[in-house]
There are 2 protein chains.
Amino acid sequence: MSATNTAVTPQVAAPIPEGPCGDDDCGIRDVLDRLGDKWTVLVVVELAKGVRRFRELERAIPGISQRMLTLTTKRLWRDGLVERTVYPTIPPQVEYRLTPVGHSLAGMVNGLADWSREHKDAIATARATWDADQEADRL
Amino acid sequence: MSATNTAVTPQVAAPIPEGPCGDDDCGIRDVLDRLGDKWTVLVVVELAKGVRRFRELERAIPGISQRMLTLTTKRLWRDGLVERTVYPTIPPQVEYRLTPVGHSLAGMVNGLADWSREHKDAIATARATWDADQEADRL
DNA sequence: CTGGATCCGGACTGATACTG
DNA sequence: CAGTATCAGTCCGGATCCAG
């Protein structure tokens, strides 16, 4: 961090060659990186329905592992999208709920879900057609 | 897929063996898997501005490799989100442009971008605060 | 109940070299 | 210019065991 002495530092310390950011691709990445991972969206959707405890989330999202649930909720918590309330009882009890920002994200996600449902068939069809064409071309 | 005798051909017959699918997490995965990978969004955003050739896309998206651009465009093409026009000239020339469906996706993406820009700071702040708190707790 | 720590296999990505 | 093929490095996700 001390810029005073670091004369050379042959490190590849140039991983921020971001350039474009001209119109639309500015902070998109931040959001999509999160939406990209399998579970974040599902957790958000589930929490959009109301307050949930750890176990409840786990049960509500078939296939998620404790590890992933922990990581996902932690990230959402860290980003201020989820509020985490701990009751120091025995056994422990932790409640998760969306913050206002989290709710707005849930809104976006629902928009995506709508789009997805709306174009799902079209995409599937296009894909099938494409595959068929490729097959045909090779023969 | 050549259905020889399919009398009815239940196109959408697949009831989607998904477990939950109760409200919102039906086909979301399909879309987000695509939005998740680093480049798809950027390509879509770029193509939303107009027709682009391969090289143009490559230049417009700093950091993308030919390989990734090829894969990304191919996937979008396959899904019917992008149209691919080949001019058998010398040298070859290939144009990419969004299909109507692709444009609607671009619309969604822009919505995400707006949301992202709107809450970017809030998230950054929350994250910083969170990190600080964690630090504090350990001391 | 909640969640941290570790091991490990698979998927995705990027760099490079080659073809038409 | 447009695209394919190969290879190696990285990271994510899942399973498991352990702790408060």
Side-chain angles (χ1 to χ4, degrees), chain A residues 11-12 14-19 29 32-43 46-47 51-78 82-97 130 133-134 137-138, chain B residues 19 29-30 32-43 46-47 51-78 82-97 130-131 133-135 137-138:
Chain A
Q11 293 280 3
V12 193
I16 317 176
E18 283 303 324
R29 206 92 292 294
L32 284 118
D33 281 345
R34 213 134 279 118
L35 263 49
D37 57 68
K38 249 168 128 173
W39 306 110
T40 300
V41 174
L42 298 180
V43 170
E46 185 59 27
L47 285 179
V51 179
R52 291 287 186 278
R53 296 181 52 180
F54 190 85
R55 271 305 236 182
E56 291 177 330
L57 283 175
E58 191 176 3
R59 274 189 291 264
I61 305 174
I64 195 171
S65 63
Q66 279 134 344
R67 174 187 153 82
M68 280 303 106
L69 183 53
T70 300
L71 288 178
T72 303
T73 52
K74 188 187 287 183
R75 282 196 276 250
L76 288 171
W77 174 37
R78 179 171 181 244
V82 158
E83 190 180 288
R84 188 167 172 274
T85 310
V86 180
Y87 298 95
T89 60
I90 293 181
Q93 179 171 343
V94 181
E95 284 182 355
Y96 296 90
R97 82 182 64 207
W130 189 90
D133 285 354
Q134 295 302 308
D137 275 353
R138 282 185 313 163
Chain B
R29 207 93 292 293
D30 300 318
L32 285 122
D33 281 346
R34 212 137 281 116
L35 264 49
D37 56 71
K38 250 167 131 170
W39 306 111
T40 300
V41 174
L42 298 179
V43 171
E46 185 59 27
L47 286 179
V51 179
R52 291 289 186 276
R53 296 179 53 178
F54 190 86
R55 273 305 240 178
E56 292 177 329
L57 282 175
E58 192 176 3
R59 274 189 291 264
I61 305 174
I64 196 171
S65 62
Q66 279 129 345
R67 173 187 154 79
M68 280 303 106
L69 182 53
T70 301
L71 288 178
T72 304
T73 52
K74 188 186 287 183
R75 282 195 276 251
L76 288 170
W77 174 36
R78 178 172 181 244
V82 158
E83 190 179 289
R84 188 168 173 275
T85 311
V86 181
Y87 298 95
T89 61
I90 294 182
Q93 181 170 343
V94 180
E95 284 181 355
Y96 295 90
R97 81 183 63 206
W130 190 89
D131 290 345
D133 285 353
Q134 295 303 307
E135 193 80 16
D137 276 353
R138 281 187 312 162

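Computation of the quantities below employed the complete heavy-atom set of this structure, encompassing side-chain atoms and omitting hydrogens, waters and symmetry-equivalent molecules. Below, chain A is the first sequence line, B the second, and so on; all start at residue 1. Bear in mind the structure is a predicted one, so any value in this text is a computation, not a measurement.
- Straight-line distance from the CG atom of A:Asp37 to the C1' atom of C:dA11: 15 Å, rounded to whole Å.
- Nearer to the 5' terminus of DNA chain C, by closest-nucleotide assignment, is the contact made by A:Phe54 (compared with the other of B:Arg75 and A:Phe54).
- Atom NZ in A:Lys74 sits roughly 16 Å away from atom C1' in D:dC12 (whole-Å rounding).
- Ring pair A:Trp130/B:Trp77 is perpendicular by interplanar angle, where above 60° counts as perpendicular and below 30° as parallel.
- Between A:Glu46 and A:Arg52, at least one side-chain N (NZ, or NE/NH1/NH2) sits under 4.0 Å from a carboxylate O, which counts as a salt bridge.
- The nearest whole Å value for the distance from the CD atom in B:Glu58 to the P atom in D:dG3 is 11 Å.
- Between A:Arg55 and A:Glu58 there is a salt bridge, since a side-chain N of the basic residue sits under 4.0 Å from a carboxylate O of the acidic one.
- A heavy-atom distance below 4.5 Å is not found between the side chains of B:Val94 and B:Thr85.
- Residue A:Leu57 contributes atom CG, which lies 13 Å from atom P of C:dC1 at whole-angstrom precision.
- Computed from coordinates, the A:Leu76 CG to C:dG3 C1' distance equals 16 Å when rounded to whole Å.
- A donor-acceptor pair under 3.5 Å is formed between the side chain of B:Thr40 and the backbone N or O of B:Arg34.
- To the nearest angstrom, C1' of D:dC11 lies 16 Å from CZ of A:Arg34.
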request  = Could you encode protein contacts along nucleotides 14-19 of chain C as a string, one character per nucleotide from 5' to 3', using B for base contact, S for sugar-phosphate-only contact and - for no contact, with a heavy-atom cut-off of under 4.0 Å?
outcome  = BB----
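- A straight line from CH2 of A:Trp77 to C1' of C:dG4 spans 13 Å, rounded to a whole angstrom.
- If you run side-chain contact (heavy atoms from CB on, under 4.5 Å) between A:Leu57 and each of A:Leu47, A:Leu42, A:Ile64, only A:Leu47 comes through.
- A:Tyr96 has no side-chain polar atom (N or O) that falls below the 4.0 Å cut-off from OP1 or OP2 of C:dC1.
- Going from atom CG of B:Asp33 over to atom C1' of D:dG13 covers 13 Å, rounded to whole Å.
- Screening A:Leu76, A:Thr72, A:Thr73 for a side-chain contact (heavy atoms from CB on, under 4.5 Å) with A:Trp39, the sole residue that qualifies is A:Thr72.
- Closest to the side chain of A:Arg84, out of D:dG3, D:dC1, C:dT2, is C:dT2.
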